[in-house]
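Below is one structure, written out as structure tokens; the observations come after it.
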Amino acid sequence: MNKYAVKSRDKWSTGFGFIMSAAGSAVGLGNIWKFPYVCGTGGGAVFLAVYIFFVIVLGYPILLTELAVGRNGGSNAVTACERIKKGWGFAGGFGVAGSMAVLAYYCTVGGWVMKYFFTAASGNIPEPTYFSEYSSLTFEPLVWQTVFILINGMIVMLGVSKGIEKVSSVLLPLLLMFLVGLMIYSLTLEGAGEGVKFFLMPDFSRITGFGELADIIVAAMGQVFFSLSLGMGTLITYGSYLDREANLSRSTGVILFIDTLIAVISGLTVLPSVFAMGMEPDEGAGLIFSTLTGVFGRLSSGNLIGAFFFALVLFAALTSSISLIETITAYLSERFGMSRKKAVAVPVAAAVLLSVPASLSYGVLSDFKIFGMTAFELYVFISDRIIMPLGGFCLCILAGWLWGRENTDREISSGGKYPFRLSGVYSFLIKYVSPVMIAVVFFSYFRNML
Ligand code: PHE
């Protein structure tokens, strides 16, 4: 027996619970907060088209690979990669480190969302300018982000089936229902049509040269990785709590569908209201905090709608951040023999500390730069630009070249139980298309820095 074998491991209690948890990890701030604004700055429909292309050719093979590697290993991300090929634990190690980096800034945004939720729920919609004012404060954002982290810690402490699965099975369906309601409302606002057009009808005049197109491609690929939680060891970890009854290829399809659907619905909620109010969609990271609150502020019962909206964002954020903590917790408890309590406390404490400079990046530390970046930007850079593509690339090599088609087929089909019809396509994508694409986009991003 392997020296890292675990005696008793938790498992998902139902297939539905697993899908809700994995889709809950994928659906997060990336869909509601980030997608509308990167789409807004990246030219609308052209971005959407490139995004969907990457979901199919990168998202499908990599997500499926992560689940297969996880289930095969029945262990944390590092051990699971090692079980495929000795010496390859680092492929999962990128994920564990990357999860910490994402957590370090995700919690800052989670804290902002909590603040906005409570402010709106208490009857006040903050003014659009309030975002820059609030985010630059020193103490209050630190308090909210710490509360956010502690809630996460409590859920993960309860365990996989009793904590993560229970919470995700309630929050994700609620999120989907509420978001559809809000989208319908947003689409009925006068002038919303412009936003829909911007989102769905490609306007090539916005792309003036190759450089711009390359930027859209880099941004879309990064967004696919981030939104689907790829290259972070998260889905390896979640896959490890599955048994052979699960149909991996079908589950992958469902997770991709839910994540993309929620990104599109968010686009159709945020952008039409922004246009309806005559505002600009390229506001950047503050889009939902400043532009959208401007929209809520002008509506009758805007604070109710605002509170509703920020509650949704909070649900989405929570089901993702718990998956980041679980990735680290599984690693610490299985590799270092820590109790679950300790293995949760360590990443929670690290997140509390690391997110302090992230929050202060918007205030007193805004001039404190490392390699020309604030702490917040540095975390984003390390996780989104370096670790996610690197982790994804290594995984393609590990599964496509070292594990081989026979083995991936066996795992994905649960030993022949579920015929894997896309086997040929999958193995071509994971061996050639995905790694080459990741490498090209990775280097084209760095060309800007040279
Ligand atoms: N996918 C999450 C989102 O869209 C973020 C995330 C990335 C979660 C990586 C886990 C791992 O917000």
Side-chain angles (χ1 to χ4, degrees), residues 20-39 51 54-55 58-59 62-63 66-67 70 76-77 92 94-110 112-113 148-149 152 155-156 164 167-168 171-172 175-176 179 219-239 252 255-267 270 285 288 312-331 347 351 379-392 395:
M20 289 301 108
S21 307
S25 165
V27 174
L29 294 171
N31 303 60
I32 307 184
W33 165 68
K34 218 167 174 189
F35 184 80
Y37 90 73
V38 281
C39 195
Y51 178 84
F54 278 135
V55 167
L58 280 179
I62 300 182
L63 211 164
E66 293 210 12
L67 295 181
N76 66 87
F94 281 132
V96 176
S99 295
M100 198 61 241
V102 176
L103 206 56
Y105 71 89
Y106 212 81
C107 296
T108 297
V109 185
W112 295 340
V113 176
F148 179 81
I149 299 168
N152 274 283
I155 299 173
V156 181
I164 296 176
V167 170
S168 305
L171 293 190
L172 193 68
L175 169 75
L176 191 61
L179 202 57
M221 190 183 95
Q223 177 63 15
V224 165
F225 266 88
F226 184 79
S227 187
L228 291 170
S229 310
L230 301 179
M232 282 291 162
T234 307
L235 291 152
I236 300 184
T237 310
Y238 274 19
T252 301
I255 298 166
L256 291 182
F257 177 75
I258 296 179
D259 189 71
T260 310
L261 182 74
I262 296 200
V264 170
I265 295 180
S266 302
V270 176
I288 65 166
L312 296 186
V313 186
L314 187 60
F315 293 170
L318 267 174
T319 52
S320 298
S321 41
I322 52 179
S323 74
L324 293 163
I325 298 185
E326 178 59 31
T327 306
I328 306 168
T329 297
Y331 169 72
Y379 296 152
V380 175
F381 178 79
I382 294 175
S383 59
D384 297 21
R385 296 294 181 211
I386 312 252
I387 295 187
M388 285 193 193
L390 225 52
L395 211 70

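Just follow the structure's listing: the first ligand is 1, and inside any ligand the first atom is 1.
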Minimum non-hydrogen distance to atom 1 (N) of ligand 1, winning option of Tyr106, Phe226, Phe225: Phe226
Proximity winner for atom 11 (C) of ligand 1, if only heavy atoms of Leu324, Val102, Ile325 are counted: Leu324
Residue and atom name of the nearest protein heavy atom (relative to [atom]), distance in Å to one decimal:
{"atom": "atom 4 (O) of ligand 1", "result": "Ala26 O, 2.8 Å"}
{"atom": "atom 6 (C) of ligand 1", "result": "Ser229 OG, 3.7 Å"}
{"atom": "atom 2 (C) of ligand 1", "result": "Ser25 O, 3.3 Å"}

Val27 N/O under 3.5 Å from ligand 1 N/O: no
Leu228 N/O under 3.5 Å from ligand 1 N/O: no
pair Met388-Leu230: side-chain heavy atoms closer than 4.5 Å: no
For Ser323, atoms of ligand 1 separated by under 4.0 Å from a heavy atom: 10 (C)
Atom indices of ligand 1 within 4.0 angstrom of Thr234 heavy atoms, with elements: 10 (C), 11 (C)
Under 3.5 Å donor-acceptor, Thr260 side chain and Phe257 backbone: no
Plane angle bin for Tyr106 and Phe226 - parallel if under 30°, tilted between 30 and 60°, otherwise perpendicular: tilted
Considering all heavy atoms, the nearest Ser99-Thr234 contact: OG-OG1, 4.2 Å
Gap separating the CD atom of Glu66 from the CG atom of Leu395, nearest 0.5 angstrom: 5.5 Å
Evaluation steps, side chain to side chain donor-acceptor pair (under 3.5 Å), between Ser229 and Ser25: CA-CA 7 Å; Ser229 310; Ser25 165; 3.0 Å; yes
Residues forming a side-chain contact (heavy atoms from CB on, under 4.5 Å) with Phe94, sequence neighbours excluded: Phe90, Ile387, Leu390, Cys394
